[in-house]
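Because the structure is a prediction, the values reported are computed rather than measured.
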Amino acid sequence: MEMPAYLVKVISTLKQNGYQAFVVGGCVRDILMGNEPADYDVATSATVQEIRSLFRKTVPTGEKHGTVAVLIDGFTVEVSTFKSYELGESSTGLEQDLSLRDFTVNAMAVDENGSLYDPFGGKQDLLNKIIKSPRNEPEQRFMEDPLRMLRAIRFCSTFGFSMYPDTYQAITKHYALLQKVAPERIRGELNLILLSGLPALGIRLMLETGLLQQVLPEAVAGFAQRSIRHNKNVFEHTLAVVEGVPSRLKVRLAALLHDIGKPNTFSIDENGVDHFYGHHLEGQKMVENILRRLKYDNKTIGDVSVLVGEHMSRYPKVRNSSFKKLINRVGKHNLEDLFDLQKADIMGAAPPYDFSELDDIQAGINQILSERLPMSIKDLAVKGDDLIEIGFEPGPELGRVLDLLLEEVLEDPDKNERAILLGLAAKNTTPV
Ligand code: ATP
Ligand code: MG
């Protein structure tokens, strides 16, 4: 097994000082699968203090868990004291460390000569594409750290593996424990599931086992709904859209959540036809709450909720000013995601697929973007200060007048001249 020089240095430093040291965890799995590991983890008999004393540059990343980041030759290696059952108890070595890892495929180690230590059959499970707890004690493993349930699904959707039946059963029994896990950790695994090669498999496993109900109860509530315009229920449609958009986080999140407003907006008219009027706007509000609860950053929350809120914006009147308003509402940086979402939404519904309106809008928007026409208040030939100079008070009234001027300029870009706009503004002055 090829090991980078900096990793060999870390291991030999530990060994020369009388400690045991092994490369462990996901990187061993990755190498056996023929993939380049993202990073390397080392397990050692040295304590955190001893690790820190041996290397010049260290960062205490998780001292509680016995982990120190060693910075060496411009790389970072996570070095951890062997995991042990009792906190504080001196560890009993490699095998116990490996037995406390989440799954057999992540519970292998390699020494500096490249010899593999695999006490729980990880290599065989890797060949058979199986996610299984070491010693086949999944219930205990999941009770210790319920996030492992979501990690099991993440490894299935990332590598196309299946869960060992006992592992799967244990999740269907203990799914509710996920409530105890910090939202940031849940978010991390959800992101990896969404960005994996098989996101639909991951979301399907989450629904089947009960985990999705813990993470996104709002989504589960509407999944059984069926519309006559669809040949699938909302769940199957949603999965098709998630898999139909490219592997970028915001658009995958938007795909997962785009129809979340449907149950709250469902109605049937006198002809027995079902409608979900305003489900995109209801969805936009719900998405903000959901993503806030999962501790996403404000930029992600804003962009994903806009994508959900605008996913029905396919049929504006084909006029330049509508396109510009759409660009302003969505934001240039979200346009590609919006079009990808809309295309996948159409593909995920019943054929025949009609992309003509979408194509018109895309063409219109590309035209406008290429002409660099004025589109937002900052493009206006007058600024707030100019209006204050002619007698406007700073405040909401000023904002209202700027909005009115923008309306005029969106309709007719020729009006974007200082004299014309000041004239229009003056007409809008509230008489004293
Ligand atoms: P990735 O490819 O995403 O880095 P990974 O398997 O390396 O996946 P990490 O989160 O980097 O996952 O963790 C490194 C290793 O630490 C894992 O392979 C596993 O052995 C162990 N591990 C990580 N999280 C847990 C956990 N919650 N419970 C038990 N063992 C864990
Ligand atoms: Mg890793």
Enquirer: Taking atom types as modelled and ignoring hydrogens, do the side chains of N191 and Y296 form a donor-acceptor contact shorter than 3.5 angstrom?
Expert: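 Yes, a side-chain donor-acceptor pair sits under 3.5 Å.
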
Enquirer: Can you check whether R185 reaches D145 side chain to side chain, under 4.5 Å on heavy atoms?
Expert: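 SC-SC contact between R185 and D145 confirmed.
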
Enquirer: For D102, is there any backbone N or O sitting under 3.5 Å from a side-chain donor or acceptor partner on R151?
Expert: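 Side chain of R151 to backbone of D102: no pair is present.
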
Enquirer: So, D259 side chain and K262 main chain: donor-acceptor pair closer than 3.5 Å or not?
Expert: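 Not at all, since once roles are kept as given, no pair shorter than 3.5 Å links the two residues.
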
Enquirer: Inspect the surroundings of NZ in K295 and state if more than 12 heavy atoms from other residues, nucleotides or ligands are less than 6.0 Å away.
Expert: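 Counting neighbours around NZ of K295, 12 or fewer heavy atoms of other residues, nucleotides or ligands fall under 6.0 Å, so no.
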
Enquirer: For E393, I'd like to know if atom CD has over 12 heavy atoms of other residues, nucleotides or ligands within 6.0 Å.
Expert: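 No, because the 6.0 Å sphere around CD of E393 holds 12 heavy atoms or fewer from other groups.
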
Enquirer: Taking the ring centre of each residue, are H279 and H258 less than 6.0 Å apart?
Expert: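 Ring centres of H258 and H279 not closer than 6.0 Å.
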
Enquirer: Do K285 and N289 have side chains that get closer than 4.5 Å, going by heavy atoms?
Expert: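 They are not in contact (no side-chain heavy atoms under 4.5 Å apart), so the answer is no.
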
Enquirer: Are more than 12 heavy atoms, taken from residues, nucleotides or ligands other than F235, located less than 6.0 Å from that residue's CZ atom?
Expert: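 It does: F235 CZ has more than 12 such atoms within range.
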
Enquirer: Could you check whether H280 and E310, counting side-chain N and O atoms only, form a donor-acceptor pair closer than 3.5 Å?
Expert: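 Looking only at side-chain atoms, H280 and E310 do not form any donor-acceptor pair under 3.5 Å.
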
Enquirer: To the nearest 0.5 angstrom, please state how far the CG atom of D385 sits from the CD1 atom of I390.
Expert: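 Rounded to the nearest 0.5 Å, the CG-CD1 separation comes to 12.0 Å.
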
Enquirer: Nearest 0.5 Å please: distance from the CG atom of L380 over to the CZ atom of R418.
Expert: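 Taking CG in L380 and CZ in R418, the distance rounds to 12.5 Å.
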
Enquirer: Where the side chain of T58 meets the backbone of V68, is there a donor-acceptor pair that is under 3.5 Å apart?
Expert: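 Answer holds: no.
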
Enquirer: Between atom CZ of F323 and atom CG of N366, what is the distance when rounded to the nearest 0.5 Å?
Expert: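 If I round to the nearest 0.5 Å, the distance is 10.0 Å.
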
Enquirer: Check the side chains of E288 and Q284 for a donor-acceptor pair under 3.5 angstrom, ignoring hydrogens and angles.
Expert: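 The criterion, which ignores hydrogens and geometry beyond distance, is not satisfied for E288 and Q284.
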
Enquirer: Establish, from distance only, whether the side-chain atoms of R101 and N106 form a donor-acceptor pair under 3.5 Å.
Expert: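 There is no such pair between these side chains.
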
Enquirer: Test your reading of the model: is there a side-chain donor-acceptor pair from D345 to the backbone of L341, 3.5 Å cut-off?
Expert: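 No: the side chain of D345 does not pair with the backbone of L341.
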
Enquirer: Do F161 and F155 have their ring centres less than 6.0 Å from each other?
Expert: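 No, the ring centres sit 6.0 Å or more apart.
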
Enquirer: Just say parallel, tilted or perpendicular for the rings of F22 and Y117, cut-offs at 30° and 60°.
Expert: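 Rings of F22 and Y117: perpendicular, over 60°.
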
Enquirer: Check the pair Q213 / M206 against side-chain contact (heavy atoms from CB on, under 4.5 Å), numbers first and verdict last.
Expert: CA-CA 8 Å; Q213 175 70 33; M206 284 180 73; over 6 Å; no

Enquirer: Any non-hydrogen side-chain atom of D41 less than 4.5 Å from a side-chain atom of S80?
Expert: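 No. Closest side-chain heavy atoms not under 4.5 Å.
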
Enquirer: For a quick check under 3.5 Å, do H333 and K250 share a side-chain donor-acceptor pair by atom type?
Expert: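 Not at all, the side chains of H333 and K250 share no donor-acceptor pair under 3.5 Å.
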
Enquirer: Working to the nearest 0.5 Å, report the span between CG of L257 and CG of L291.
Expert: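 L257 atom CG to L291 atom CG measures 6.0 Å (nearest 0.5 Å).
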
Enquirer: Have a look at T104 and tell me which of I130, T167, L126, D125 forms a side chain to side chain contact (heavy atoms under 4.5 Å, CB included) with it.
Expert: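 When I130, T167, L126, D125 are each tested with T104, the side chain to side chain contact (heavy atoms under 4.5 Å, CB included) holds only for D125.
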
Enquirer: One thing to verify: whether E144 and R141 come together as a salt bridge, which I'm taking to mean a side-chain N less than 4.0 angstrom from a carboxylate O.
Expert: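 Result for this pair is yes, salt bridge flagged.
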
Enquirer: Between the main-chain N or O of M375 and the side-chain N or O of N328, is there a donor-acceptor pair closer than 3.5 Å?
Expert: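 The answer is yes, because a donor-acceptor pair under 3.5 Å joins these two groups.
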
Enquirer: When rounded to the nearest 0.5 angstrom, what distance separates CZ in R154 from CG in L190?
Expert: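 Answer for the CZ-CG pair, R154 versus L190, is 12.0 Å.
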
Enquirer: Just checking, any donor-acceptor pair under 3.5 angstrom between side chains of D297 and T300?
Expert: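 A pair is found: one side chain offers a donor N or O, the other an acceptor, under 3.5 Å apart.
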
Enquirer: Charged N to carboxylate O under 4.0 angstrom, R204 versus E236?
Expert: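 Salt bridge between R204 and E236, a charged N being under 4.0 Å from a carboxylate O: yes.
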
Enquirer: Hey, does Y6 have a side-chain heavy atom less than 4.5 Å from the side chain of V77?
Expert: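 Of all side-chain heavy-atom pairs linking Y6 with V77, at least one is under 4.5 Å.
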
Enquirer: Within the 4.5 Å heavy-atom criterion, are T238 and V241 side-chain neighbours or not?
Expert: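 The answer is no; the side chains never approach within 4.5 Å.
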
Enquirer: Would you mind reporting whether L71 and F75 have side-chain heavy atoms less than 4.5 Å apart?
Expert: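 No; the side chains remain at least 4.5 Å from each other.
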
Enquirer: State, with a plain yes or no, whether a side-chain heavy atom of M163 is found less than 4.5 Å away from one of F103.
Expert: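 When only atoms from C-beta onward are counted, F103 and M163 do not touch, as no gap falls below 4.5 Å.
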
Enquirer: Between I153 and I193, does the side-chain contact (heavy atoms from CB on, under 4.5 Å) criterion hold? Intermediate values first, please.
Expert: CA-CA 8 Å; I153 290 176; I193 290 170; 3.9 Å; yes

Enquirer: Between the side chains of T158 and S196, does any donor sit under 3.5 Å from an acceptor?
Expert: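 No.
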
Enquirer: Please check if the side chain of R293 supplies one atom and the backbone of V215 the other of a donor-acceptor pair under 3.5 Å.
Expert: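 Yes: the side chain of R293 pairs with the backbone of V215.
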
Enquirer: To the nearest 0.5 Å, what is the distance between CG (L100) and CD (Q140)?
Expert: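 So the gap between those two atoms works out to 9.5 Å.
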
Enquirer: Begin with the C-alpha distance, continue with both residues' side-chain angles, and end with the deciding distance and a verdict on side-chain contact (heavy atoms from CB on, under 4.5 Å) for L398 and I388.
Expert: CA-CA 8 Å; L398 192 68; I388 291 169; 4.1 Å; yes

